Amino acid sequence: MTSKKPAAGNTGGQPRAARTDAARTRSARVPAQSVTSGRGDAPAPVTPAAAPVVSAAPAAVDADDRARLLHGTHHDPHTVLGAHPVTGGVAFRVLRPYARVVTVDCGELRARLHDDGDGFFSGLLPLASVPAYRLLVTYDGTVLETEDPYRFLPTLGELDLHLIGEGRHEQLWQALGAHVRTHQGVTGTRFAVWAPNARGVRVCGGFNFWDGTGFPMRSLGGSGVWELFVPGIGEGELYKFEITGPDGSRTLRADPLARRTEVPPATSSVVDVSHHEWGDAEWLAHRSDTPVHEAPFSVYEVHLPSWRPGRTYRELAEELPAYVREMGFTHVELMPVAEHPFGGSWGYQVTGYYAPTARLGTPDDFKYLVDRLHQAGIGVLMDWVPAHFPRDEWALAAFDGRPLYEPQDPARAAHPDWGTLEFDLGRREVRNFLVANAVYWCEEFHIDGLRVDAVASMLYLDYSRDSGQWTPNEHGGRENLDAVAFLQEMNATVYRRCPGVVTIAEESTAWDGVTRPTHHRGPSGFGGLGFGLKWNMGWMHDSLQYMSHDPVHRKYHHHEMTFSMVYAYSENYVLPISHDEVVHGKGSLVSKMPGDWWRQRADHRAYLGFMWSHPGKQLLFMGQEFAQGAEWSEARGPDWWLLDPGYGAAADHRGVQDLVRDLNAAYRATPALWQRDTDPAGFEWIAGDAADDNVFAFLRRAADGTPLLAVSHLAPVVRPDYRIGVPEDIPAWAEILNTDATRYGGSGVVHPDPVKPEPHGAHGRPASLRLTLPPLATVWLRPA
């Protein structure tokens, strides 16, 4: 990751010469009397025509400043280093450890500075004003021509600092972090970091042999921001911040706003410049045409590193869009892609909130993947983790020597479940860091939605804590008022700035108003949290519990499949069969079903049919679309070999895959299944109490009233002549999907011809259909 720091008086290697966008120069072994030009690859020898070199009188740094600079505790190095008018001329002061000689080149005058020891060089020149100048820094056998970082004005303006101080900088990533730019006519990189408790901050990297002594940053007033413009440093450079804490200890920290990182387990930040040219303008232009809750929304959840293990972002871009489009899903949801040190966390312990994981490529490579998905007509959702972060000493924990991103109280900071730290959501700069991060992914990477992880753990002060381990809020309650305010601000900001983007809460409690607008107060007295959708964890738990019972016992658990309709319209719901349900000994979806292999697959297919017809949007984790038997492993990914024609049972798995493809196709073509997901008028029970028969029948209706009839029969027998009450104004019904079809691996009990109602009352309706219900199956019918 790093070059070793050379010993004093011996560089132990060659410093990297200046880099610019226009040209990259290489350091070279050259005679001491030669210098590199800084504008090309070849050294430019000193000729007799060059300006004569004079020796400057010393203008040494005073003892206090000298000590503070050497110990990394100087808050304003620009007032000491660089060129400054003084009595008698202009004083030049330079701090370059390991340099042999430092010469100031003013064009017509070259002055060799006095060696003051410890890497300090100074000189007093009899000049009327500060001239344009460059530095010639001589190391063992190498001379580097460079600009002096300490001759530049601050690169951050008062507005940026004001917004940062107020916690309202909605594009924070443009102010902080590392940015290649041209400043005062010189190309280099501006480094900026928020570290209000630090006594000093220095930037170090490959360009200075990871010794930041000569690159102290300046503190910009009371903002807590430290800044330094380093000329000649460009794209691809590795860097970190060396932070001196209040107690004088030093730590080397990755940039919290780094937009690119090294490949883990390496931990350096990388200066990044995006060159991607987007091709998804049409997608973005129409993304907000229809509100998400009134549009088809069928999600394929993917863990990118293991979907096709070993693939890069660009290689995935050649396969994932084609597969998702073929399967008919409207969206993919990516498990967290922000950088994380431990792959076994699946990305849920983030250290680089502004950087896509380098395991699969560069940020531009990730943009290419998103672009290709959009061009294939597929929306991209991303898991986002603002609830907690890991304790790695090179990342956010006690970032500037004291708790900064986490609460001051260690007991309050510690997340009780995951050994991580919670964010201090009561601190405006921390809220700003997270709110801007949500906006960042949507604006810079064109992400279409954020699924916010672990919302429940944020909302409750007593989450996973026993009595005495938490402190009530100012009203005596257990609600985390700071978290409520943060989530409301995040949602309001994202929806205002990013038309068509949806936010989705993974919230497992009965919190009132998760998807209610933030300005509408509910019975609890809180405004809504402002999410667009919420995962329906209750439906997931209850329905899987029902399906796990042997059919002979299911009649005693009938309510587990119907209870969801009691609260179906209290929020805007997503029905999730996510990665959480197929790991840690829970088994895959098909393995949750009782009975032999045929019954398991039949139950699996029937359950998916029920899920796709139930009010709410759908989410299915990878591998479950073809009935993978083993639970998911991030090291192995889906068992694609189950679909290999050479595998004896491949037809069984391809049948389920074909069903999912057809479910998505029929779903997207049937507005009744998605247009009124959040409107009670879009649903009618036909048979919600047929527990002895294990039958569930209901109507879904589109905005124009067009119905779809869904019947799920979850017993392993055929029921002929089963009457289902229907509206009398529909002359005939056609079966458009039957999970028992032989092409899916079923027994083939289907209705190939239209079915006409009979004037025989059933389920409180004057007309009824006489159907043969297939075993363990779901059937969809619509007006013929």
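Just so you know, these numbers come straight off a predicted model, no measurement behind them.
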Interatomic spacing from OG in S570 to CG in N536 - rounded to 0.5 Å: 8.0 Å
May I ask you to test the I447-L334 pair for a side-chain heavy-atom distance under 4.5 Å? no
Taking only residues at least two apart or on different chains, which pairs with a member in residues 447-456 satisfy side chain to side chain donor-acceptor pair (under 3.5 Å)? W283-D448, R287-D448, H374-D448, D383-R451, R451-D453
Sub-3.5 Å donor-acceptor pair from the side chain of T515 to the main-chain atoms of N572, do we have one? yes
Would you check if the side chain of R668 reaches a backbone N or O of G328 as a donor-acceptor pair within less than 3.5 Å? yes
A338 backbone acceptor or donor facing H340 side chain under 3.5 Å: yes
Could you state the interatomic distance from CZ (R427) to CG (N432), rounded to the nearest 0.5 Å? 12.0 Å
With H331, which residues qualify under side chain to side chain donor-acceptor pair (under 3.5 Å), at least two apart? none
Closest heavy-atom pair and its distance - A397, F389: N-CE1, 3.8 Å
Pair F423 and Y353, ring centroids less than 6.0 Å apart: yes
Does some side-chain heavy atom of W535 sit less than 4.5 Å from a side-chain heavy atom of M540? no
Report yes if the side chains of F366 and T357 come closer than 4.5 Å at any heavy-atom pair, otherwise no. no
When you compare the side chains of H169 and D160, does any donor N or O come within less than 3.5 Å of an acceptor on the partner? yes
Closest non-hydrogen atom pair between P390 and T420, with its separation: CA-CG2, 4.0 Å
Donor-acceptor pair, distance only, cut-off 3.5 Å: does the side chain of R218 make one with the backbone of L228? no
Between T267 and T261, is the side chain to side chain contact (heavy atoms under 4.5 Å, CB included) condition met? List the steps. CA-CA 7 Å; T267 59; T261 70; over 6 Å; no
Between R253 and A395, is there a donor-acceptor pair closer than 3.5 Å when you use the side chain of the first and the backbone of the second? yes
From E301, E634, H303, residue fulfilling side-chain hydrogen bond (donor to acceptor under 3.5 Å, both in side chains) relative to H579: E301
Salt-bridge present (R478, D462; N to O < 4.0 Å): yes
Are W632 and F621 close enough that their ring centers fall under 6.0 Å? yes
Say you draw a straight line from OG of S457 to NE2 of H415; how long is it, rounded to the nearest 0.5 Å? 3.5 Å
d(D677 CG, Y569 OH) to nearest 0.5 Å is 7.5 Å
H614 and S564: side-chain donor and acceptor closer than 3.5 Å? yes
Would you say Q174 has more than 12 foreign heavy atoms packed within less than 6.0 Å of its CD? yes
Are Y348 and W418 close enough that their ring centres sit under 6.0 Å apart? no
Quick one: which of V193, D255, I164 gives a side chain to side chain contact (heavy atoms under 4.5 Å, CB included) with L176? I164
Quick test of your reading: applying salt bridge (Lys or Arg N to Asp or Glu O under 4.0 Å), list the pairs with at least one residue in residues 480-502, sequence neighbours left out, ordered by first then second residue. R168-E489, E170-R496, E170-R497, R431-E489, E443-R497
For the side chain of E227 and the backbone of T155, is there at least one donor-acceptor N/O pair under 3.5 Å apart? yes
Which atom pair, heavy atoms only, marks the closest approach of D364 to V273? OD2-O, 4.3 Å
Let me confirm one number: the CG-CG distance from N480 to N473, rounded to the nearest 0.5 Å. 8.5 Å
4.5 Å side-chain heavy-atom contact, W346 and V583: yes
Determine whether the side chains of E422 and Y463 contain a donor N or O and an acceptor N or O closer than 3.5 Å. no
Contacts of D365 meeting salt bridge (Lys or Arg N to Asp or Glu O under 4.0 Å) (sequence neighbours excluded), chain-then-number -> R314
Verdict with supporting geometry, V502 and Y495, side chain to side chain contact (heavy atoms under 4.5 Å, CB included): CA-CA 8 Å; V502 62; Y495 277 103; 3.7 Å; yes
Is it the case that the ring center of W194 lies less than 6.0 angstrom away from the ring center of F399? no
Close side-chain approach of Y323 to V302, heavy-atom, < 4.5 Å: no
Determine, for R676 against D679, whether the closest basic-nitrogen to carboxylate-oxygen distance falls under 4.0 angstrom. yes
Does E158 have more than 12 heavy atoms from other residues, nucleotides or ligands lying within 6.0 Å of its CD? no
Heavy-atom side-chain contact between W173 and V439 under 4.5 Å: yes
Do you know which of F433, W384, W441 makes ring pair (Phe, Tyr, Trp, His ring centres under 6.0 Å) with Y354? F433
Just to verify, what does D580 make a salt bridge (Lys or Arg N to Asp or Glu O under 4.0 Å) with, not counting sequence neighbours? none
Does a donor on one side chain and an acceptor on the other come within less than 3.5 Å for E507 and T509? yes
Testing the basics here: between P407 and D424, what is the closest heavy-atom pair and its distance to 0.1 Å? N-CB, 3.6 Å
Which residue pairs pass the side chain to side chain donor-acceptor pair (under 3.5 Å) test with at least one member in residues 391-408, sequence neighbours excluded? N197-D400
When you measure from the side chain of Y440 to the backbone of F445, do you find a donor-acceptor pair of N or O atoms at a distance under 3.5 Å? no
Decide if the gap between the ring center of Y368 and the ring center of Y313 is smaller than 6.0 angstrom. no
Could you check whether any side-chain heavy atom of V230 comes within less than 4.5 Å of a side-chain heavy atom of E237, counting everything from C-beta outward? no
Please confirm whether the backbone N or O of G513 pairs with a side-chain atom of E571, one donor and one acceptor, at under 3.5 Å? yes
State, yes or no, whether a side-chain contact exists between L481 and H475 at a heavy-atom distance under 4.5 Å. yes
Using modelled atom types only, decide if a donor and an acceptor are shared between the side chain of T189 and the backbone of I233 within a distance under 3.5 Å. yes
Return the CD to CD distance between E319 and E315, rounded to the nearest 0.5 Å. 8.0 Å
Decide yes or no on side chain to side chain contact (heavy atoms under 4.5 Å, CB included) for H446 and V380, but give the supporting numbers first. CA-CA 8 Å; H446 294 194; V380 182; over 6 Å; no
Indicate yes or no for a side-chain donor-acceptor contact from E333 to the backbone of V299 under 3.5 Å, with no hydrogens or angles considered. no
Charged N-O contact under 4.0 Å between R516 and D512: yes
In terms of side-chain geometry, is the basic nitrogen of E339 or R260 positioned less than 4.0 Å from the acidic oxygen of its partner? no
For Q349 and P341, work out which heavy atoms get closest and say how close. O-CD, 3.6 Å
Which pair of heavy atoms, one from I378 and one from P321, lies closest together, and at what distance? CD1-O, 3.4 Å
